[in-house]
Visitor: 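Submitted below is the structure of interest, expressed as structure tokens.
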Number of protein chains: 2
Amino acid sequence: MIIIIEIHEVILLIESRKNSRKRNAILEAMRGTKSHPSAQWVYDSLRSSYPELSLATVYRNIKLFERSGEIISVAVVDGQERYDACVLPHSHFICRGCAAVIDLDFPEDLENARDRLESEEGFKIESVCVSYKGLCRHCL
Amino acid sequence: MIIIIEIHEVILLIESRKNSRKRNAILEAMRGTKSHPSAQWVYDSLRSSYPELSLATVYRNIKLFERSGEIISVAVVDGQERYDACVLPHSHFICRGCAAVIDLDFPEDLENARDRLESEEGFKIESVCVSYKGLCRHCL
DNA sequence: ATGACTGCAAAGACTTTGCATCTTT
DNA sequence: AAAGATGCAAAGTCTTTGCAGTCAT
């Protein structure tokens with residue numbers, strides 16, 4: 001059942017849930033890593049503890065967590081969507097070599113941050129991407 | 001033929017090309033729009049002028065342009081990769097309603113920019129994403 | 001009992017690739 | 001001629017979905 005509540009122009013979408021061991025394990029796995037996991041990563045990391053877990057369940061729960069705001073999508077790397085259970089504002093470094101996604105502080109000054117990351121962290125930064133997401137005037 | 005040149009630790013990858021009407025048209029189409037097109041968009045917009053154009057050719061040339069730096073990938077929106085033939089630093093607003101990708105200036109101050117965009121452009125901004133791409137220490 | 005959750009297999013969507021044919025140099 | 005470019009269809013990935021059976025309330 002999906003309940004849609006509108007209060008003062010704010011629309012809340014509440015999906016009712018029952019308790020589920022596997023769902024809990026999926027969220028725990030995502031909260032317990034800084035690897036910014038893909039669905040496949042979560043599946044692989046839980047297979048030993050939950051041998052009958054299916055990849056479809058992981059995908060379904062990830063979408064559920066995303067809709068509820070418990071996790072966010074941080075990037076699509078090499079065709080795989082990557083998520084983060086840390087929803088506080090911060091930024092990321094994405095390595096095109098090993099596909100690692102690494103947490104960074106939210107920068108005060110973008111150019112400053114770039115130089116500092118190269119010298120202090122030893123990254124080679126090839127591009128900086130800033131994007132805002134939301135609704136345009138037309139879709140509001 | 002692919003020529004790999006290394007000069008002072010900088011590696012250049014040069015792919016030899018022959019002249020091709022369709023390739024020229026693909027790049028022109030991408031340079032002539034601010035819509036941050038997907039491969040499908042480019043294909044659709046060229047079909048009337050090049051009825052025998054195939055989607056595979058569009059994909060192949062887009063990858064070629066990307067490797068050579070003539071275009072960049074700016075986002076994956078609703079599962080489709082979106083490109084930009086403007087490679088100068090700037091940022092984007094991505095609408096989750098209509099999937100529009102809109103050019104913005106590169107911000108000096110991130111929080112400032114957010115407020116200004118909401119009041120002046122009428123966007124509703126739900127998230128800000130900063131990511132750096134390149135090579136980590138390990139992959140260098 | 002009812003509604004939610006899951007596994008499995010099938011379907012979908014987007015992208016890449018193999019191969020024969022045609023173009024450019 | 002040789003190296004590239006293209007169309008077509010097939011294959012590849014990642015993700016979503018339909019359905020029947022299971023679990024939580």
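Letters A, B, ... mirror the listed sequences (proteins, then strands); counts begin at 1. FYI, side chains are in, hydrogens and waters are out, and symmetry mates aren't considered; it's all heavy atoms of this structure. Computed from a predicted structure; not experimentally measured.
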Visitor: Kindly compute the distance separating CD1 (B:Ile7) from CD1 (B:Ile5), expressed to the nearest 0.5 Å.
Guide: 6.0 Å
Visitor: Would a 4.5 Å heavy-atom cut-off, applied to side chains only, mark B:Ile2 and B:Ile14 as touching?
Guide: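 SC-SC contact between B:Ile2 and B:Ile14 ruled out.
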Visitor: Rounded to the nearest Å, what distance is computed from the OH atom of residue A:Tyr43 to the P atom of nucleotide D:dC14?
Guide: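 The distance from OH of A:Tyr43 to P of D:dC14 comes to 14 Å, rounded to the nearest Å.
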Visitor: For a quick check, with a 4.0 angstrom heavy-atom cut-off, what is the B/S/- contact string for nucleotides 15-25 of chain D, read 5' to 3'?
Guide: BBBB-----BS
Visitor: The test is salt bridge (Lys or Arg N to Asp or Glu O under 4.0 Å); show your working for B:Glu118 and B:Lys124 and say whether it passes.
Guide: CA-CA 6 Å; B:Glu118 294 219 313; B:Lys124 169 158 176 33; 5.4 Å; no
Visitor: Taking atom C1' of C:dT23 as reference, at what distance in whole Å does atom CG of B:Asn24 sit?
Guide: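 In whole Å, C:dT23 C1' and B:Asn24 CG are 13 Å from each other.
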Visitor: Roughly, in whole Å, what's the span from CG in B:Asn61 to C1' in C:dT15?
Guide: 15 Å
Visitor: Specify the separation, in whole Å, of atom CD1 of A:Ile26 and atom P of C:dA4.
Guide: 18 Å
Visitor: Is the A:His36 ring parallel, tilted or perpendicular to the A:His90 ring (thresholds 30°, 60°)?
Guide: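 Tilted.
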Visitor: I'd like to know if A:Arg31 pairs up with A:Glu28 as an ion pair, taking the criterion as any Lys NZ or Arg NE/NH1/NH2 lying under 4.0 Å from an Asp or Glu carboxylate oxygen.
Guide: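 No, A:Arg31 and A:Glu28 are not salt-bridged.
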Visitor: Which whole-number value in Å describes the distance from B:Ile62 CD1 to C:dT16 P?
Guide: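 Whole-Å distance recorded here is 9 Å.
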Visitor: Take B:Ile2 and B:Thr57, find for each the nucleotide of DNA chain D with the closest heavy atom, and name the residue whose nucleotide sits nearer the 5' end.
Guide: B:Ile2
Visitor: Can A:Arg17 and A:Glu70 be counted as an ion pair, charged N to O under 4.0 angstrom?
Guide: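 Yes, A:Arg17 and A:Glu70 are salt-bridged.
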Visitor: Output the rounded distance in Å from CD (B:Glu52) to P (D:dA9).
Guide: 15 Å
Visitor: Would you mind reading off the distance between B:Ile14 atom CD1 and D:dA3 atom C1', rounded to a whole angstrom?
Guide: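 Atom-to-atom, B:Ile14 to D:dA3, this comes out as 17 Å.
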Visitor: For A:Ser54 and C:dC8, is the shortest distance between a side-chain N/O and OP1 or OP2 below 4.0 Å?
Guide: no
Visitor: Rounded to the Å, how far apart are A:Met1 CE and C:dC5 P?
Guide: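 Between P of C:dC5 and CE of A:Met1: 12 Å.
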